[in-house]
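Predicted, not measured: the structure shown is a model, and the values here were computed from it. One-based numbering, in listed order, for ligands and for the atoms of each.
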Amino acid sequence: MSLPADYHMHTPLCRHAVGEPVEYARQARNIGIPEIGFSDHSPMADDHFDNWRMYDRQLDEYVAQVQLARQTYPDLSIRLALEVDYLPGQADWIRRLATRHPWDYFIGSVHYISETWDIDNPAKLSEWKKRDPYEVWSAYFDRLTQAAETGLFEIIGHCDLPKKFGIRPAQDCTPLYEKFLSAAARAGCAIELNTAGLRKDCREIYPAADLLQLAFAKNVPITFGSDAHDPAEVGHAFAEAVALARRTGYTQTLRFRQRRAEVFPL
Ligand SMILES: [Zn+2]
Ligand SMILES: [Zn+2]
C-alpha cells in the first residue's frame, strides 16, 4: 500500500515540539511517506497572544529550516505550509501572512472558542468543568464554519477537536457537522484525517467515522496528517487512517502545490 502525504507536522519554533525539520523528513523517508508538509503553528498579529506558536520574527527562520530539509533530502517532496488559527477579526492578518512566502497550503484550525480559551490546552482543562459540552461544541463548530467560509484555507484541521479529552455532549451534533461540511463543500475546502486523536484521551482519529461519512456524502475532499510534534510521530497510524477513509468510500486524496489542489488515488 502506498501511503498518503503527511501534511501536518510541527517544529520546535512553536515551543512545544521537538526535532528539527530535517529529522521529520528523514523519518518520512525511512517509513516510505512520499510527501510531507510542514504546517507549524503560525504567528498571531499579537506576538504575546499565547505561548505555543512561533513569533512573527521567526517566520523567515521557519521557511529557511524547511528549505534546509528540502536540500538535505532532495528526493522527498516537502511542502511549505502553516497551521493558522482562525479567530474572528483575523482574516486580514491571515491574508497578509499568505503574501509573505510561497506557501503550498494553509490548514485553518480552531483552537480558541473565545479570545482566551483554547479548548485543547491541557493547562485549561478545568474550564471544561464550568461549561456545558454542547455549548462548547456549538461555539466551536460555529467558528469552524466561519473558517471554512472565509476561503482562506485549503484544509480544515482536526475538525472535531473538542472531543480531545473525551468530554462529549449528550445531544446529537449532526446539525453542527452538516452546517460546517456544507460550508466546506461550498468553499472547496478539504478536511484532514488527523491521527493525533489516537494519542489523546478520545483515542480516535479526528474526525470520527460518522462525521467523515457526512463529509463523503457532501463530496468534501480529504488529506492526511499525523500532527507530529516529534519526528517519531510522522505518519503515525496512517494505515488505520487510510482504512477508515476507504471504508467511508473515499478513493482519492488531495495534495497541494502553490495553493492549488492535485488529486491522488488512495
Ligand atoms: Zn501543536
Ligand atoms: Zn491544531
Side-chain angles (χ1 to χ4, degrees), residues 6-21 23-24 27 36-44 47 49-55 58-59 62 65-66 79 81-87 90 94 97 103 105-114 116-125 127-128 136-137 139-141 143-148 150 152-165 180 184 189-202 204-208 211 222-237 241:
D6 186 343
Y7 266 9
H8 197 146
M9 55 191 68
H10 294 273
T11 83
L13 290 173
C14 71
R15 293 174 271 172
H16 62 280
V18 296
E20 298 305 319
E23 298 172 66
Y24 287 74
Q27 176 68 4
I36 60 171
F38 285 93
S39 51
D40 207 2
H41 298 288
S42 72
M44 291 274 201
D47 259 345
F49 183 83
D50 60 22
N51 62 358
W52 50 267
R53 65 190 62 254
M54 71 180 85
Y55 294 110
Q58 294 175 308
L59 196 64
Y62 170 61
Q65 286 183 10
V66 174
R79 296 284 171 252
L82 286 171
E83 179 181 16
V84 181
D85 269 78
Y86 174 75
L87 285 99
Q90 293 294 308
I94 297 166
L97 214 48
W103 310 108
Y105 59 91
F106 274 1
I107 298 178
S109 291
V110 170
H111 302 99
Y112 284 89
I113 64 157
S114 71
T116 53
W117 188 26
D118 35 350
I119 55 165
D120 62 325
N121 191 338
K124 298 178 189 170
L125 189 51
E127 197 66 27
W128 276 96
V136 177
W137 287 58
Y140 171 85
F141 276 98
R143 284 204 171 179
L144 206 65
T145 303
Q146 283 175 36
T150 63
L152 294 168
F153 311 113
E154 282 71 28
I155 305 164
I156 294 293
H158 42 60
C159 67
D160 58 355
L161 182 66
K163 74 181 177 188
K164 176 178 176 179
F165 299 115
F180 158 62
C189 202
I191 59 170
E192 62 168 3
L193 272 76
N194 180 318
T195 59
L198 292 166
R199 309 192 291 272
K200 311 296 181 190
D201 296 336
C202 59
E204 185 180 273
I205 288 172
Y206 305 111
L211 202 166
I222 53 167
T223 61
F224 292 80
S226 62
D227 213 339
H229 286 70
D230 182 316
E233 293 169 348
V234 171
H236 171 244

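- Ion pairing between a basic and an acidic side chain is recognised when a charged N comes within 4.0 Å of a carboxylate O; R53 and D85 show such pairing.
- Applying the ring-ring contact (aromatic ring centres under 6.0 Å, His included) criterion to H41, with sequence neighbours excluded, gives H10, H16, W52, H111, H229.
- For the Zn ion (ligand 2), protein N, O or S atoms closer than 2.8 Å were enumerated as E83 OE2, H111 NE2, H158 NE2, with waters left out.
- Here H10 fails the criterion, with no N, O or S atom under 2.8 Å of the Zn ion (ligand 1).
- We find the CG-NZ distance between N121 and K164 to be 7.5 Å, quoted to the nearest 0.5 Å.
- Side-chain atoms of D6 come within 3.5 Å of backbone atoms of G235 as a donor-acceptor pair (strictly under, hydrogens ignored).
- Side-chain contact, S226 with E233: no donor N or O sits under 3.5 Å from an acceptor N or O.
- Scored by the ring-ring contact (aromatic ring centres under 6.0 Å, His included) test, F49 finds Y112 as partners (sequence neighbours excluded).
- No other N/O/S atom of H229 lies as close to the Zn ion (ligand 1) as NE2 does.
- Every residue two or more places apart in sequence or in another chain was checked for a ring-ring contact (aromatic ring centres under 6.0 Å, His included) with F180, and none qualifies.
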